[in-house]
Undergrad: 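Here's a structure for you.
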Amino acid sequence: MVDEFLHEPRVAYFSMEIALRSDMPTYAGGLGVLAGDTLRSAADLSLPLVAVTLVSRAGYFRQHLDAEGRQTENPAPWDPAICARALDAKVAIRIEERAVWVGAWLYVVESHLGGRAPVILLDTDLPENASADRQITHYLYGGDDRYRLMQEMVLGIGGVRVLQALGFEISAYHMNEGHAALLGVELLRRYTYPSSELQSGESPYDVPRVRQLCRFTTHTPVEAGHDRFSYELAQRLFGGTQGHADATLIDIGELQKLAGRECLNMTRLALSLSDFVNGVAKRHAEVSARMYPGYQVRAITNGVHPYTWTAPSFRRLFDRYAAGWCHEPELLSRTDSIRDAEILDAHTQAKAALIQRVRELTGIELSPSAAILGLARRMTAYKRPELLFADLERLRTLALERPFQIVLAGKAHPRDDEGKQLIVRLYREARALKGQIPVAYLPDYDLSLAQLLVAGCDLWLNTPLPPFEASGTSGMKAAFNGVPSLSVLDGWWVEGCIEGVTGWSIEDASTLYEKLGGTILPLFHAADRSGWVRTMKGSISKNAAFFNSHRMMRRYATEAYLR
Ligand SMILES: *Cc1c(COP(=O)(O)O)cnc(C)c1O
């Protein structure tokens, strides 16, 4: 079944989550959506990649919000058989001295341009396994440290072995975030020096050889985003006791040299085992280099998948004015000549689709003529979604002068109580503004809702606390639909913002209100719409043309993969 993918060497792209389709809940948020866009671009460009991830049969979760905005999580189980094919390869890995069998499914990302990219979904839900082990690949980001480390063993160790069992020839391994770092441990096991050649005290592992094979992308400057495990736990799961190197997955003493003395730090392990390391925006690479002195951290700024994130009305427009844009989004740099009326018409269609969905989901009726501010993210403290509501009086005054409306969405991680409180707070602000500013909170944010929201609003708002936004991608998605951003200068926006041309920058709540009331809403509501359309076009020709995953993948291919 994988034969069509075996005729050439491939880059193995390992990611704990990948957003492949809306009805496959195998992703939690930004990291997964980026991984999905990575594969969609690889398929469009016919790049030889093979992705490895967990099947996450129980899904992430379906978000339920009560009248106060209190989030509860409903299971989101899915059946891989609906769109993937079971492969007969099966490998065993040892966890806590027992064999855990790892099976695999094949999902193929099909580009409408003809290319295909294989994704291997790892699955421990096999009759050979004890019932607890059958659940290792069920819950994305669920469970305790032990559960997570078992998942990372299945992903890293199991993934490398499954690729080998299937007959893939791998030219390089790309760790998408530290979750995948144990793939390096499996490669260390593969590339060891014969003990007869070793002096006592010398490492048996051929670290330089493994480094030549590995690339690592780090995705967050937030400390909690970097996995750390105790060596006591690692020792227990990896098996064997100190001094009995044969029985263990890897000698813990050698591991400590690579992953840190105090704890098994997956970011450090990935850094030590990769000869190409990058952050996901220029600012983020600088911040990461400061977090991990001694490592060279390059920058490959993220991008989003052109076709996926462009609304149907804009796809048709781009087909006429920039034929070939799906393969070569740089062509969008030539869209400034599109007639204003056509841009406005394409946007009106995207806005109508959003307004309809908001009505279906919340019963709230938005106006097609008033500006819609969109803001959706994983709800967590550093993203500061509440900043817009810092001064409700000010907000009301602005809306009296020129009306606007607000659409919000986003899930909080089940264990992020602060994030959940934020949603409750946003509901409270929405109630306080009732009758004055329509505010809709859309439940269960996912790929398809994101597609409607980034295209249908008039202005994309992003207010993270610097320097914690590694990149951010939603504003890039908006740009493909002629929607400018109003954003804090962090992540990609440091590179993407040309003031007044692609959008606007803000520092805090007070500059937010100043720009909204003094510049943006007057421009939006001007009788002559040409000024507003100019920023719409600026976001397409300057930002969509550049901040796309085709450019990103061409850079990974030339700078990281072909080293
Ligand atoms: C794009 C996207 C995200 C990530 O948004 P950021 O702006 O990168 O934080 C999260 N969830 C969904 C459903 C998305 O489409």
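Both counts, for ligands and for their atoms, begin at 1 and track the order of listing.
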Undergrad: Which of these passes ring-ring contact (aromatic ring centres under 6.0 Å, His included) with His174: Phe276, Tyr556, Phe216?
TA: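 When ring-ring contact (aromatic ring centres under 6.0 Å, His included) is applied between His174 and each of Phe276, Tyr556, Phe216, only Tyr556 qualifies.
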Undergrad: Quick one: sort the His413 and Tyr141 rings into parallel, tilted or perpendicular, breaks at 30° and 60°.
TA: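 Geometry flag for Tyr141 against His413: tilted rings.
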Undergrad: Starting from atom 10 (C) of ligand 1, what is the nearest protein heavy atom, named by residue and atom, and what distance separates them?
TA: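 Result for atom 10 (C) of ligand 1: Gly30 N, 3.6 Å.
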Undergrad: Run the contact test for Trp492 against ligand 1 with a 4.0 Å cut-off on heavy atoms, strictly below, and give the result.
TA: no
Undergrad: What is the closest protein heavy atom to atom 9 (O) of ligand 1, and at what distance does it sit?
TA: Arg377 NH2, 2.4 Å
Undergrad: Could you list the atoms of ligand 1 found under 4.0 angstrom from a heavy atom of Ala450?
TA: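 Contacts of ligand 1 toward Ala450, numbered from 1: 15 (O).
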Undergrad: Please could you name the atoms of ligand 1 that Asp446 approaches to less than 4.0 Å, counting only its heavy atoms?
TA: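 Going through ligand 1 atom by atom, the ones under 4.0 Å from Asp446 are 13 (C).
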Undergrad: Does ligand 1 have an atom under 4.0 Å from some heavy atom of Lys383?
TA: yes
Undergrad: Name the closest protein heavy atom to atom 7 (O) of ligand 1, giving the residue it belongs to and the distance to 0.1 Å.
TA: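 Residue, atom and distance for the closest contact: Ser474 OG, 2.5 Å.
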Undergrad: Under 4.0 Å, heavy-atom basis, I'd like to know which part of Thr473 is in contact with ligand 1: side chain, backbone, both or neither.
TA: both
Undergrad: Using a 4.0 Å cutoff against the non-hydrogen atoms of Gly29, which atoms of ligand 1 qualify?
TA: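 This gives 10 (C), 11 (N) as the contact atoms.
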Undergrad: Say whether Tyr445, considering both its backbone and side-chain N or O atoms, lies within less than 3.5 Å of an N or O atom on ligand 1.
TA: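 Min N/O separation from ligand 1 is not below 3.5 Å for Tyr445.
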Undergrad: Hey, does Glu469 sit under 4.0 Å from ligand 1 if you only count heavy atoms?
TA: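 Under 4.0 Å: no for Glu469.
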Undergrad: Quick one: sort the Phe524 and Trp532 rings into parallel, tilted or perpendicular, breaks at 30° and 60°.
TA: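 Correct class here is perpendicular.
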Undergrad: Strictly by modelled atom types, are Asn302 and Thr473 linked by a side-chain donor-acceptor pair under 3.5 Å?
TA: no
Undergrad: What protein heavy atom is closest to atom 14 (C) of ligand 1, reported as residue, atom name and distance in Å?
TA: Lys477 NZ, 2.9 Å
Undergrad: Checking Tyr427 against Tyr441 for the ring pair (Phe, Tyr, Trp, His ring centres under 6.0 Å) test, could you report, in this order, the C-alpha distance in whole Å, the side-chain angles of both residues, the deciding distance, and whether it holds?
TA: CA-CA 8 Å; Tyr427 262 65; Tyr441 198 109; 5.6 Å; yes
Undergrad: Check Leu34 against ligand 1 and report side chain, backbone, both or neither, counting heavy atoms closer than 4.0 Å.
TA: neither
Undergrad: Under 4.0 Å between a side-chain nitrogen and a carboxylate oxygen: does that hold for Arg148 and Asp145?
TA: no
Undergrad: If the test is side-chain hydrogen bond (donor to acceptor under 3.5 Å, both in side chains), which one of Thr310, Asp44, Asp37 qualifies with His305?
TA: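 It is Asp44; the other options fail the test.
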Undergrad: If I compare all heavy atoms of Leu447 with all of Arg21, which pair ends up nearest, and what's the gap?
TA: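 Closest heavy-atom pair between Leu447 and Arg21: CD1-C, 3.8 Å.
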Undergrad: Assign the ring pair Tyr295 / Tyr292 to parallel, tilted or perpendicular, where the plane angle (0 to 90°) is split at 30° and 60°.
TA: perpendicular
Undergrad: Applying a heavy-atom cut-off of 4.0 Å, say which part of Arg378 lies close to ligand 1: side chain, backbone, both or neither.
TA: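 No part of Arg378 comes within reach of ligand 1.
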Undergrad: Please tell me whether Glu469 and Asn462 have a donor and an acceptor in their side chains that are separated by less than 3.5 angstrom.
TA: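 The answer is yes; a qualifying pair exists.
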Undergrad: Just distances here: any N/O of Trp309 and N/O of ligand 1 closer than 3.5 Å?
TA: no
